[in-house]
Amino acid sequence: MPMPNKIESDSRKLLGRLRDTMAEEAKGQERLDKITLLISSTIGTEVCSIYLLRDSETLELCATQGLELDAVHQTRMRIGEGLVGSVAKKNKVINTADAPSYPGFRYMPETGEERFSSFLGLPIQRLGELLGVLVVQSKTAREFNTDEIYALEVVAMVLAEMAELGAFVSEESGLKALHQQSILIRGSVAQEGATKGNVWLHEPRVVVTNLVSDDPEAEISRLEEAVQELRNHVDQMLEKNRQMDKEQAEILEAYKMFANSRGWMKRMVTDINSGLSAEAAVDKEQSSARARLGQVTDPYMRDRLHDLDDLSNRLLRILTGQGKETGASMPQNPILVASNIGPAELLDYGRTLKGIVLEEGSVGSHATIVARALAIPLVIHAQNITAEALNGDEVLVDGEQGLVHLRPDESVSSAFKDKIAMEAKAQERYSAIRHLPANTRDNSKVNLLMNAGLMADLPSLDSSGAEGVGLFRTELQFLIRNQMPKRSELSAMYKRVMDAAGGKTVVFRSLDIGSDKVLSYMPNVEEPNPALGWRAIRVGFDKPGILRMQLQALLRAAEGRPLSIMFPFIAQTSEFDFAKLEMEKAKERELKLGHKVPKKISIGAMLETPSLAFESDNFFQEVDFLSIGGNDLKQFFFAADRENELVRKRYDTLNLSFLDFLQMIVDKCEKNNTKLSFCGEDAGRPVEALCLAAIGIKTLSMRPASIGPVKNILLKSDLGAVKKIIDKARIDGETSVRKKIIQYMAAN
Ligand code: PEP
Ligand code: MG
C-alpha cells in the first residue's frame with residue numbers, strides 16, 4: 001500500500017474534523033458555520049463560503065467565514081451568473097489569481113468580496129447532480145495548487161453527501177432538505193395520459209452514511225475485497241453468456257476491462273488515503289464520471305462512462321450491503337422511475353404501474369412499445385429524475401406535454417386534479433358510446449379496429465369497443481427475448497390471441513424487424529440508413545427461415561379458423577409474390593404433415609413505401625387487402641425521419657399533397673375492388689381520422705385508447721361536408737387543411 005503523502009494526510013485531518021462536526025448535535029446553520037471556519041483555518045484562506053441551491057435555478061450564500069455575515073441568506077445568484085454561478089453551470093472548478101478580471105465576474109457589494117483577489121470555486125455535486133458551490137478566497141493574488149484543489153474536492157464530496165442526508169436543513173434559514181423541494185422536469189412524451197402517483201425507483205439509490213474513516217488500511221482492504229467480488233461477478237456473467245453474439249460479448253469484455261482498471265482502483269485508494277471511507281471513495285469517482293458524462297458527446301465514450309457508473313453502483317451495493325431489495329415496499333399507485341428499463345422487466349411490472357418516467361429511452365424503444373401496449377403514460381428524457389426522486393415521493397406525470405412534477409406544490413396538485421378529472425369525464429363519455437357503431441351523420445359506417453402486440457392488449461378488444469385487431473405487431477415476442485423464440489412458443493401465443501379475440505378478426509403482421517427494431521441475437525448489420533435498409537420483408541426474402549417458422553406457427557395456431565396475415569414494407573409486386581408463395585408452401589407442408597389448415601386465408605400487403613401505390617392494377621387485384629402503414633409511408637413521402645424530433649413535426653399529415661396521394665390510393669383500390677385500411681398512428685388522432693374517413697378510408701386501426709375519441713368525433717361529423725372542405729382547400733391552394741377541419745369540428 002502506498003504511503004499517504006502530505007496533502008493526503010492534511011486532507012485526512014480536515015475530514016476527521018469534519019466528521020466530528022457532523023457527529024455533534026447541532027442545527028443545520030450551526031453546522032454550516034462551523035464547516036466554513038474549519039475549512040478556512042485548515043487550508044489557510046481568509047474566506048470560505050458555501051452556496052447551496054435554493055431552487056433549481058438559484059444559489060444562495062448559506063454560510064461564510066470571511067465575507068460580510070449580513071450577506072448570508074441574502075446574496076443569491078442564478079446558475080450561470082458570476083463566478084459562483086459559472087462553477088455551478090459548468091459543473092467545473094474555477095481557479096484564478098485575479099477574480100475581478102475573470103470573464104463573467106460579477107461584483108456582489110453586500111459581501112465585501114472586493115478585497116479578495118484569488119478565487120477557487122468547486123461544485124458540490126453528487127452523481128452529476130449539482131447541490132451547491134464551495135468557494136475559498138484570499139487577498140494574496142495566487143492560483144491554488146493541485147493538492148489544495150484535490151483536498152477541497154474531497155471536502156466538497158463529503159459536503160454533497162451531508163447535504164443529501166439533510167445535514168444542513170434549517171428552519172431559521174428556510175433551507176429545505178434537498179429531497180423536499182418541488183421540482184418540474186421537462187421530458188418528451190412517449191405514451192399519452194395524465195396520471196398521479198408515488199415514486200417507485202426501479203433501482204433505489206445507495207445511501208452512503210459512513211463517509212469518513214481514519215483507518216485507511218482497513219478501508220483499502222474492504223475496497224479490495226469488494227472489487228474482487230465484483231470481478232468474480234463480471235466473470236460469471238461472461239461465462240454465462242459465452243454463447244451470445246459477438247457484439248454483446250464485446251460489451252461485456254469492455255465492462256470487464258473497467259472492473260480490472262488500475263487507474264480506477266488507484267484513484268479510489270488515493271481518496272481513501274485522504275480520509276474517505278471505501279464507499280465514499282467509490283461514490284466520489286462515480287460522481288466525477290457522471291459529471292464527465294454530462295460533457296461527453298461521443299457515443300462510445302458515453303457507453304463506457306455508463307459502464308463505470310453501473311460498476312460503481314454494484315460496488316456500492318457490495319460495500320454497503322444494500323441490495324436492490326432495500327426493504328421498501330411498493331407504494332400505492334406506483335410511478336416507475338428509472339434511467340432506462342428493458343421490455344422484459346417492464347412486462348414483469350405489467351399493469352400495476354400507473355405511469356413511467358425514464359431519463360433515457362426513445363419513442364421507438366422497446367420499453368416504449370411495451371408501455372404503449374399497456375397504455376401506461378410514459379415520459380422519457382426526464383433529466384436527473386433518478387437523482388432527484390426518492391421512493392414514495394408524490395409525482396404527477398403529464399403525458400400530454402411531457403412534464404413531470406416531483407413533490408408538487410398544492411396549487412400544481414389541484415390544477416392537475418382538474419386535468420385528471422377532465423380526462424376521466426371524457427373516458428366516461430367514450431365508454432357510453434363503446435358499443436355503438438361508428439356511423440357518421442351522413443350514414444357512412446367506419447370500421448374501428450385496434451392495434452396490438454401483446455397478449456395483454458386483448459382485453460382492450462372489449463373495453464375499447466374495437467371491432468377486431470387491424471394490426472397485430474408480432475415483433476414484440478422476438479424483441480423481448482434473448483434468443484429466437486421457438487415455433488411451438490409462437491404458435492401457442494398466436495392461438496391464445498385468436499382464442500381471446502373470440503371470432504373477431506385479427507390481422508397478424510409478419511415479423512417487422514430492422515430499422516430501429518434490432519434483435520440482439522441476430523447478426524448486427526452495419527447500415528448507413530437503417531430505415532431504408534435491410535428490414536421487414538427484405539430480411540424474410542434473404543433469410544426465409546424465420547418467416548417460414550412464423551407462417552407455420554400461425555397456421556397451426558388457427559386450428560382451421562380463418563387466418564389473416566399481412567406482410568410489412570412491400571415495395572414491389574415480386575416481394576408480395578414471394579411472401580404469398582411462402583404461405584402456399586407452408587400450407588402444403590402442413591397438409592402433408594396431416595395438420596388442419598385454415599378454412600380461409602386472407603393475405604395482404606402493407607403499403608408503406610410510395611412505390612407500391614404506383615404498382616399495376618394486377619397487383620391491386622392480387623392482394624386480398626392493403627393496409628397503409630402511415631408512419632412509414634409519411635416518413636418516406638416527406639423524406640422526414642419518423643424518429644427525428646427535429647424534422648418529424650415539420651410535415652403535417654393533413655397537407656394536401658399527402659392527402660391527395662392517399663386519395664390516389666383510395667381511388668385505385670375502389671377501381672380494383674381492393675379492401676383498404678390505415679393502421680399508422682394518425683388513424684388514432686381524431687382530426688386526422690376524420691379526414692382519412694372523408695377521403696374514403698373506411699377502416700382505421702389504432703391504439704385501443706384512441707377508439708373512443710375517434711368514434712366520438714365521427715358520430716358528430718358529416719363526411720360529405722368534410723370532403724367538401726378538403727376539395728375547397730385544394731382549389732384555394734392551401735398547404736394543410738388542418739385549420740379548416742378544426743374550425744368545422746368546433747362549429748359542430
Ligand atoms: C406504420 O409504419 O405505420 C406501421 C403501422 O408500422 P410500424 O409503426 O410498426 O412501423
Ligand atoms: Mg411500418
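As the structure lists them, so they are numbered: ligands from 1, and atoms in each ligand from 1. Index from 1, following the sequence.
The G629 neighbourhood of ligand 1 comprises atoms 1 (C), 2 (O), 3 (O), with distances under 4.0 Å to a heavy atom of that residue. Residue contact check: D632 has heavy atoms under 4.0 Å from atoms 1 (C), 2 (O), 3 (O), 10 (O) of ligand 1. Atoms of ligand 1 lying under 4.0 Å from at least one heavy atom of R473, given by number and element, are 4 (C), 5 (C), 6 (O), 7 (P), 8 (O), 9 (O). Of all atoms in ligand 1, listed by their number and element, those nearer than 4.0 Å to a heavy atom of G680 are 3 (O). Listed by number with element, the atoms of ligand 1 under 4.0 Å from a non-hydrogen atom of L471 are 5 (C). Every atom of ligand 1 with a heavy atom of C679 under 4.0 Å away is listed here by number and element: 5 (C).
Test R556, K587, E582 against L551 for side-chain contact (heavy atoms from CB on, under 4.5 Å) and you get one pass: E582.
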Derivation and outcome, salt bridge (Lys or Arg N to Asp or Glu O under 4.0 Å), residues E734 and K728: CA-CA 9 Å; E734 299 202 22; K728 178 160 185 320; over 6 Å; no

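Looking at K634 against ligand 1, nothing comes within 4.0 Å, counting heavy atoms.
In the candidate list R642, M606, E608, R642 is nearest to atom 10 (O) of ligand 1, counting heavy atoms.
Rounding to 10 degrees, one finds that the Mg ion (ligand 2) sits at the corner of an angle of 100° between E608 OE2 and D632 OD2.
Within a 6.0 Å sphere centred on CZ of R434, other residues, nucleotides and ligands contribute more than 12 heavy atoms. Within 6.0 Å of CD in Q572 there are more than 12 heavy atoms belonging to other residues, nucleotides or ligands.
Nearest non-hydrogen protein atom to atom 3 (O) of ligand 1 is N631 N, 2.7 Å.
Below 3.5 Å of separation, one finds an N or O of G630 facing an N or O of ligand 1. Distances between N or O atoms of R509 and those of ligand 1 include at least one value under 3.5 Å.
Between R351 and D457, the shortest heavy-atom contact is NH2-N, 4.0 Å.
Taking the ring centre of F569 as origin, the terminal cationic atom of R535 falls inside the region bounded by 6.0 Å and 45° from the ring axis.
Ion pairing between D660 and R730 holds under the 4.0 Å rule for side-chain N and carboxylate O. E615 and K668 are not joined by a salt bridge, as no carboxylate oxygen comes within less than 4.0 angstrom of a charged side-chain nitrogen.
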